[in-house]
Amino acid sequence: MKHTEAPASLILLFGATGDLAKRKLYPSIYNLYKKGLLSDRFAVVGVARRLKDDDDFRNWVKESIDTFGNSSEDLTEFISHFYYQSHDVTDSESYRELKNLVDCLDTTYHLDGNRIFYLAMSPEFFGTVAEHLKEDGLTDTKGFKRLVIEKPFGHDLPSAINLNKRIRSAFKENEVYRIDHYLGKEMVQNIEVIRFSNAIFEPLWNNRYISNIQITSSETLGVEERARYYDKNGALRDMLQNHMMQIVSLLAMEPPIKLTTDEIRSEKVRVLRALRPFKNEEIDQYFVRGQYGEGTINNETVPAYRNEPNVDPESNTETYVAGKFMIDNFRWAGVPFYIRTGKRMDKKSTKIVVQFKDIPMNLYYKNGSSLNPNLLVIHIQPEEGITLHLNVKKTGQGMETNPVKLNFSNKSIDGMNTPEAYEKLLFDCLRGDATNFTHWDEVALSWRFVDQISEVWANQKAPFPNYAAGTMGPKAADELLEKDGFFWWPVADLDVDENC
Ligand code: NAP
């Protein structure tokens, strides 16, 4: 489907001076503008405390785009649509001023009363801002009103329920756009297309032909400046509850009857409902936690997590988690979905490996050992593409086999960088397409699942640190697969080889 420009709209951005706005949001809005996907009838109001006025803000946005985007001559015209309100979101008085500004811009730019409220600030303010928007009349508008909300959505199920209640007092569920930026990534969106548009995959996409699925999301970075937040949350809440569980549901869902938001979301929800529950004492059989100690990355010694600034020196927080999900339905019974994610690992990479079952009878050998299984590898980042691992005849005498990779690299085909996830998600939101945002039912089910693990872990001191920085995680994560007869496919060996 070809995209036409988004409708006229006002974007009210809370957290306008923050890191996310500066690195991702302004460059994304500007890209949409340059591509002609933004209506001429648009305005952006930035809300934060530290800047003074519109000129200050416009310089701020310009600097952000000069640094993190691709600026060109039209930048001056673009930033003329930007306005600033110095405003403490906890101060009830200033919402009235904000309403006056918004109403005035609505008339000036003929925005038809369409409003997007984007909360790019600390989650502690999400509920307060949503309630004020309603109480002070900002949501009283003749056009559409949508709330875009950043992660994390709560830190467990009770806090998520509480936050949801507050938000839903001002916005309906279909007006709430909960961001999971993984859902904006090109190759995550491609999972659905690869599965449902290729006759060769969908018939094999089940427990008769797939032996296991592995999802790795590894970072080489440590906690950086997020330590205060991270030390209270850890990898389970920061990565698994949202991004990893979203990928599992996209891989495992049934084909939707139509590509509509409701149909896709309800198939994803059914996957989460089918996750095998376990008893508290069984958690160790399914999940492994880790925390990095001192180690070496790119020939530099990096400190242990507990020695990072703003981290409790006795911290019991996991910087790594590996797990095995079992999905108890007809399609997936018996197929483990293994996930692992962590900080300070050997390599930055997000990949999915679908490992097919061995052929029923092995007629060929590769250098005297058995055949490699077929793998479908989906490269999410930093590479984007897919690789199919096959066995072919080794050229020359005899019938020895050789493993080969059939590669598709997104970047080399499209010849350009794929759009930033935020650019796509903002555009979806402007057009009212919530498919790639998380529904409340998904949030609630994934918290329920994760809460059980975090409660057990909170009550048991872990033997941390248990992996050295610069490695692929603790030994127990390897054993998780070994006891099922599998192993983690080494991510470095799976990379798209441009020369193939
Ligand atoms: P940040 O850099 O700390 O920015 C916070 C923003 O909130 C600033 O603009 C700050 O502006 C404003 N603010 C703080 N207190 C305020 C108050 N009382 N009234 C009005 N404004 C206030 O945070 P961030 O990294 O941009 O993250 C924002 C959200 O995005 C968080 O939920 C985070 O989890 C999520 N997120 C961020 C990233 C990322 O790459 N940064 C990625 C994924 C998700 P003033 O100090 O000028 O008031």
Side-chain angles (χ1 to χ4, degrees), residues 20 24-25 116-121 123 126-127 129-130 146-168 170-192 215 217 233 235-254 256 259-275 325 327 337 339 341 350 380 420-451:
L20 180 71
K24 304 283 185 192
L25 302 182
I116 289 180
F117 304 97
Y118 196 125
L119 308 193
M121 59 190 321
F126 292 168
V129 176
R146 295 176 189 145
L147 181 77
V148 184
I149 190 157
E150 271 296 335
K151 77 163 203 188
F153 199 91
H155 60 270
D156 54 14
L157 182 59
S159 61
I161 290 175
N162 183 33
L163 173 59
N164 202 46
K165 262 196 200 136
R166 297 182 73 189
I167 286 171
R168 292 289 308 280
F171 294 88
K172 297 194 208 97
E173 174 61 30
N174 65 5
E175 294 170 332
V176 182
Y177 288 66
R178 297 178 192 83
I179 291 246
D180 183 323
H181 69 273
Y182 266 53
L183 296 182
K185 289 185 187 294
E186 189 63 30
M187 290 309 296
V188 172
Q189 297 189 350
N190 220 332
I191 294 173
E192 202 183 289
I215 307 163
S217 181
N233 290 279
L236 189 67
R237 292 184 171 111
D238 190 47
M239 288 294 294
L240 186 132
Q241 179 269 335
N242 36 57
H243 312 316
M244 304 303 274
M245 291 186 75
Q246 283 293 325
I247 294 181
V248 170
S249 29
L250 286 168
L251 287 165
M253 73 185 203
E254 292 300 315
L259 286 182
T260 58
T261 304
D262 288 348
E263 295 298 344
I264 293 174
R265 282 170 155 188
S266 68
E267 293 303 342
K268 285 166 67 194
V269 165
R270 284 155 68 89
V271 173
L272 298 173
R273 284 172 48 208
L275 288 179
F325 291 93
I327 298 167
F337 283 64
I339 59 94
T341 178
T350 304
I380 294 174
E420 173 62 59
Y422 276 96
E423 184 184 322
K424 294 209 236 170
L425 293 174
L426 270 165
F427 187 55
D428 284 353
C429 177
L430 283 160
R431 289 180 309 135
D433 180 353
T435 312
N436 293 312
F437 295 81
T438 328
H439 188 275
W440 166 246
D441 293 346
E442 298 172 77
V443 175
L445 284 164
S446 52
W447 272 129
R448 184 167 301 144
F449 188 85
V450 160
D451 278 359

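Every value quoted in this text rests on a predicted model; they were computed, and no experiment measured them.
- Between the CG atom in L445 and the CG atom in L272 there is a gap of 5.5 Å [rounded to 0.5 Å].
- By the side chain to side chain donor-acceptor pair (under 3.5 Å) test, R270 pairs with E267, sequence neighbours left out.
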- Message: Run L147 and Y177 through side chain to side chain contact (heavy atoms under 4.5 Å, CB included) and show every step you take.
- Response: CA-CA 6 Å; L147 181 77; Y177 288 66; over 6 Å; no
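- To the nearest 0.5 angstrom, N242 atom CG is 7.5 Å from S446 atom OG.
- The distance from the CD1 atom of I264 to the CG atom of N436 is 7.5 Å, given to the nearest 0.5 Å.
- With sequence neighbours left out, the side chain to side chain donor-acceptor pair (under 3.5 Å) criterion links T341 to no other residue.
- Using a 4.5 Å cut-off on side-chain heavy atoms (C-beta onward), L20 and L25 make contact.
- How far CG of L240 is from CD of Q246: 11.5 Å, rounded to the nearest 0.5 Å.
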- Task: Check step by step if side chain to side chain contact (heavy atoms under 4.5 Å, CB included) holds for I161 and W440.
- Result: CA-CA 9 Å; I161 290 175; W440 166 246; 3.8 Å; yes
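- For E175, the side chain to side chain contact (heavy atoms under 4.5 Å, CB included) partners at least two apart in sequence or on another chain are K145, F171, K172.
- A235 meets the side chain to side chain contact (heavy atoms under 4.5 Å, CB included) test with Y230, E318, V321; sequence neighbours excluded.
- In this view, K268 and E442 satisfy the salt bridge (Lys or Arg N to Asp or Glu O under 4.0 Å) rule, not counting sequence neighbours.
- When atom types are taken as modelled, the side chain of W447 and the backbone of F153 share a donor-acceptor pair closer than 3.5 angstrom.
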- Message: Walk me through whether V188 and T350 qualify under side chain to side chain contact (heavy atoms under 4.5 Å, CB included).
- Response: CA-CA 10 Å; V188 172; T350 304; over 6 Å; no
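- Counting only N and O atoms by type, the side chains of S159 and N162 include no donor and acceptor under 3.5 Å apart.
- For the salt bridge (Lys or Arg N to Asp or Glu O under 4.0 Å) test, residues two or more places apart in sequence or in another chain that qualify with R168 are E173.
- Take R448 and apply the salt bridge (Lys or Arg N to Asp or Glu O under 4.0 Å) test, not counting sequence neighbours, and it matches no residue.
- No hydrogens or angles considered: nothing links the side chains of D262 and T260 as a donor-acceptor pair under 3.5 Å.
- Partners of Y182 by ring-ring contact (aromatic ring centres under 6.0 Å, His included), not counting sequence neighbours, listed by chain and number: H243.
- Sorted by first and then second residue, the salt bridge (charged side-chain N to carboxylate O under 4.0 Å, His left out) pairs with a member in residues 146-155 read K151-D238; sequence neighbours excluded.
- Note: D156 CG to R237 CZ = 6.0 Å, rounded to the nearest 0.5 Å.
- Residues satisfying the side chain to side chain contact (heavy atoms under 4.5 Å, CB included) test with S266, not counting sequence neighbours, are E263.
- The closest side-chain donor-acceptor pair between R178 and N164 falls under 3.5 angstrom.
- Contact annotation: the side chain of L251 approaches that of I215 to within less than 4.5 Å [non-hydrogen atoms, C-beta and beyond].
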- Using the side chain to side chain contact (heavy atoms under 4.5 Å, CB included) rule, take I380 and N190 through it: C-alpha gap first, then chi angles, then the decisive distance, then the call. CA-CA 9 Å; I380 294 174; N190 220 332; over 6 Å; no
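- Rounding to the nearest 0.5 Å places CE of M187 at 11.5 Å from CD1 of I247.
- Partners of E423 under the salt bridge (Lys or Arg N to Asp or Glu O under 4.0 Å) rule, at least two apart in sequence or in another chain, are K35.
- Every residue was checked against the side chain to side chain donor-acceptor pair (under 3.5 Å) condition with D451, not counting sequence neighbours, and none meets it.
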